[in-house]
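Note sheet for the following structure.
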Amino acid sequence: MTNYVIGFLRADVSGEQWRQDEARIHTLAEKCGWSVVLGYFGDPKRPGAVINRLMNLAYAECVNEVIAPSVDHFEPDDLAALVKIADVICADTGTRYTIPTDGAPQTPSETDSGWGGGELMKSLQPGPNGNSYDPWNMPVNADDDGQTQTGLINRR
């Protein structure tokens, strides 16, 4: 069965390389046997709304992973929030950010070699929203988030 993922990037971070970053997202998904159900381009003029919209999309599309070109496409606290809904994979390093058993997002240790050796971190068994048992991981309704569909591409 194919796993569905969301591609995420911010054009202001990618600059003129945004097409190459988008291609890296699709290449990584294809390499893993996943289908990118949509791509979301975060709007730099809406700093807090970007992560909320991405979380709502991840939940609404029932994805287990979000692929971004690099960790630079996220604001400082965005990863901690997003991993409660879906794992985050950075295409540049292959690093998987997931929610560990203690509830805080982790990165791989310095000794981990990267993507080729399998998953770098152990995920929890699927919970109410996909991949965590976090009690605050309550369902959200993407229709009530106050956002428009601006920035979405590749809808199924």
Side-chain angles (χ1 to χ4, degrees), residues 1-100 104-123 126 129-132 140 142-143 145-156:
M1 181 163 98
T2 301
N3 194 23
Y4 297 110
V5 298
I6 290 177
F8 168 71
L9 67 85
R10 286 183 30 200
D12 63 315
V13 175
S14 292
E16 294 191 16
Q17 302 295 322
W18 72 269
R19 289 190 192 271
Q20 289 85 352
D21 283 347
E22 183 180 17
R24 288 191 324 185
I25 289 169
H26 286 275
T27 301
L28 178 59
E30 183 179 323
K31 180 178 167 183
C32 296
W34 301 334
S35 294
V36 178
V37 291
L38 66 89
Y40 177 55
F41 293 92
D43 185 356
K45 297 174 188 149
R46 307 178 67 194
V50 171
I51 191 62
N52 289 336
R53 182 67 177 152
L54 184 57
M55 290 171 63
N56 285 336
L57 290 170
Y59 177 76
E61 294 293 334
C62 300
V63 299
N64 290 326
E65 287 87 16
V66 172
I67 300 175
S70 70
V71 73
D72 299 333
H73 290 257
F74 296 97
E75 296 296 322
D77 295 328
D78 288 357
L79 280 176
L82 184 56
V83 297
K84 294 178 181 180
I85 305 293
D87 290 355
V88 178
I89 302 169
C90 295
D92 61 345
T93 61
T95 305
R96 174 183 290 266
Y97 295 88
T98 187
I99 192 161
Q106 294 179 346
T107 58
S109 67
E110 307 264 332
T111 60
D112 289 328
S113 61
W115 184 255
E119 292 189 8
L120 299 175
M121 288 172 268
K122 181 181 177 193
S123 297
N129 289 337
N131 26 332
S132 76
V140 292
D143 295 332
D145 67 356
Q147 304 286 328
T148 64
Q149 297 295 317
T150 304
L152 300 180
I153 62 166
N154 298 334
R155 297 286 299 188
R156 303 188 237 178

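In what follows, residues are counted from 1 in the order of the sequence shown.
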Would you say Arg96 and Glu65 make side-chain contact, with heavy atoms under 4.5 Å?
yes
Do any N or O atoms from the side chain of His73 and from the backbone of Arg10 form a donor-acceptor pair under 3.5 angstrom?
yes
Could you report the tightest heavy-atom contact between Phe74 and Leu54, atom names first, then the distance?
CE2-CD2, 4.0 Å
What are the two closest heavy atoms between Cys90 and Ser70, and how far apart are they?
SG-C, 3.7 Å
What residue among Leu9, Val50, Asp12 forms side-chain contact (heavy atoms from CB on, under 4.5 Å) with Phe41?
Leu9
Distance check, rounded to the nearest 0.5 Å: Thr27 atom OG1 versus Glu22 atom CD?
10.5 Å
How about CD on Gln20, more than 12 heavy atoms from neighbouring residues, nucleotides or ligands closer than 6.0 Å, or not?
yes
Mind checking what makes salt bridge (Lys or Arg N to Asp or Glu O under 4.0 Å) contact with Asp92, not counting sequence neighbours?
none
Rounded to the nearest 0.5 angstrom, the OG1-CD1 distance for Thr98 and Ile89 is 9.0 Å
Which atom pair, heavy atoms only, marks the closest approach of Val83 to Tyr97?
CG1-O, 3.5 Å
Please determine which of Asp78, Ile67, Leu38, Val66 meets the side-chain contact (heavy atoms from CB on, under 4.5 Å) test together with Phe8.
Val66
Check salt bridge (Lys or Arg N to Asp or Glu O under 4.0 Å) between Arg24 and all other residues, then give those that pass, not counting sequence neighbours.
Asp21
State the CG-CD1 distance between Asn64 and Ile6, to the nearest 0.5 angstrom.
10.5 Å
Calculate, to the nearest 0.5 Å, the distance between atoms CG and CG belonging to Asp77 and Leu82 respectively.
12.5 Å
